[in-house]
Amino acid sequence: MNIDLKCKKIFSQRFSELMKEHFPPINNRQKEKPSKQTAREDFELLQKLDFDRANNCKNSIDRNNATATIRKWRNPLNKEMPTLQTALKLCKILECDIEYIFGLSDIKNENTFHAASYLGLNQETIQAIKDYPDIIKELIDIMVCDNSDTLKYILFNILQYVRYFNVPRMTIQTISNEKPRELSYDEKQNYIKSVTMDEINLALYEINNRYESVRESDFENMKKLLELEIKMEKLNMKKLK
């Protein structure tokens, strides 16, 4: 195998993997055939690379012809590679560094890698937060920057809940002065759950008060604030189960 085919093999493999990550199946597509899934991924990429060309496709034959080049990029035995300009567009769409997609580095995204290293989180977490809607990011900002450190407060209590089986020995003594007995497994769970719900509800109440104290003159900012308050009301313990 010559050096060109080695480079193409790496490119094709990473390109295909990135395509699956960024154009995953949704809803009824969960059971789609591999060939249909690949065809869908290729066309969705074409829509981002060249919207006009994709929009001019009237039927499956047009789509097949329009995505022929993308299929060649996937094929490790085909030497055709994207131009530098197209490769840069691909990397922007697939959120990776150009060095990674061509096999010159094993780090998919330097920014994500350094952010994960600095914060002590894994790269998947950083990527997930990056993909959050702006309104959720704004909520995180407020919770983290609040003087009472609300987010840490909530997460700590969630941690207490999920670790209920490691709770120190808890006992209960009846009025008849019987020998104290250790709480049952279910009793410990219910105790931690009730305490956690109280603590989290208190923290959310504090956040809501913080929102009420904010006064923005700009209409759009006020609109975002209202959306945050609505989302706050919809938070419930079901998401913690």
d(Ser12 OG, Glu17 CD) to nearest 0.5 Å is 11.0 Å

Tell me whether Ile101 shares a hydrophobic cluster with Phe23, the cluster being built from Ile, Leu, Val, Met, Phe, Trp, Tyr side chains joined at under 4.5 Å. yes

Minimal heavy-atom distance between Ile98 and Cys91, with the atoms involved, is CA-SG, 3.4 Å

*Contact check, side chains of Glu44 and His22, non-hydrogen atoms, under 4.5 Å*: no

* Asked: In the single-linkage hydrophobic clustering (I, L, V, M, F, W, Y; side-chain heavy atoms under 4.5 Å), do Leu84 and Leu18 co-cluster?
  -> yes

For Ile129 and Lys137 the tightest heavy-atom approach is O-CE, 3.2 Å

ring-ring contact (aromatic ring centres under 6.0 Å, His included) filter on Phe43, not counting sequence neighbours, yields none

Parallel, tilted or perpendicular: ring planes of Phe11 versus Trp73, cut at 30 and 60 degrees: perpendicular

Note, Lys6 side chain near Lys9 side chain (heavy atom, < 4.5 Å)
no

**Prompt:** In terms of hydrophobic clustering (I, L, V, M, F, W, Y; side-chain heavy atoms under 4.5 Å; direct or indirect links), are Leu119 and Tyr132 co-clustered?
**Reply:** no

Rounded to the nearest 0.5 Å, the NZ atom of Lys130 sits from the OG1 atom of Thr112 at a distance of 7.0 Å

Per salt bridge (Lys or Arg N to Asp or Glu O under 4.0 Å), Lys108 is matched among Glu21, Glu99, Glu124, Glu95 by Glu21

Query raised in the report: Within a radius of less than 6.0 Å around NZ of Lys36, do more than 12 heavy atoms belonging to other residues, nucleotides or ligands occur?
Result: no

Residue pairs passing the side-chain hydrogen bond (donor to acceptor under 3.5 Å, both in side chains) test with at least one member in residues 46-62, sequence neighbours excluded, are none

For Lys89 and Leu49, the nearest pair of non-hydrogen atoms, with its separation, is CB-CD2, 3.8 Å

Closest non-hydrogen contact found for Ala116 with Asn122 is CB-C, 4.0 Å

* To do: Using the side-chain contact (heavy atoms from CB on, under 4.5 Å) rule, take Asp42 and Arg63 through it: C-alpha gap first, then chi angles, then the decisive distance, then the call.
  => CA-CA 9 Å; Asp42 292 349; Arg63 289 188 178 189; over 6 Å; no

Separation between CG (Asn109) and NE2 (His114), nearest 0.5 Å, reads 9.5 Å

Heavy-atom nearest pair, Leu45 first then Met19, reads CD2-SD, 3.6 Å

When clusters are formed by joining ILVMFWY residues with side-chain heavy atoms under 4.5 Å apart, either directly or through shared neighbours, do Ile10 and Met81 land in the same one? no

In short, Leu90 meets Pro82 closest at the heavy-atom pair CD1-CG, 4.0 Å

**Q.** Lys8 side chain vs Glu80 backbone, donor-acceptor pair below 3.5 Å
**A.** yes

d(Thr69 OG1, Asn78 CG) to nearest 0.5 Å is 9.5 Å

Value for CD1 (Ile126) from OG (Ser117), rounded to nearest 0.5 Å, stands at 9.5 Å

NZ or CZ of Arg14 within 45° of Tyr100 ring axis and under 6.0 Å: yes

Practice problem: Take Asp97 and Phe113 through the side-chain contact (heavy atoms from CB on, under 4.5 Å) test and state the conclusion after the steps. | Solution: CA-CA 11 Å; Asp97 294 336; Phe113 174 78; over 6 Å; no

Taking atom types as modelled and ignoring hydrogens, do the side chains of Thr67 and Arg71 form a donor-acceptor contact shorter than 3.5 angstrom?
yes

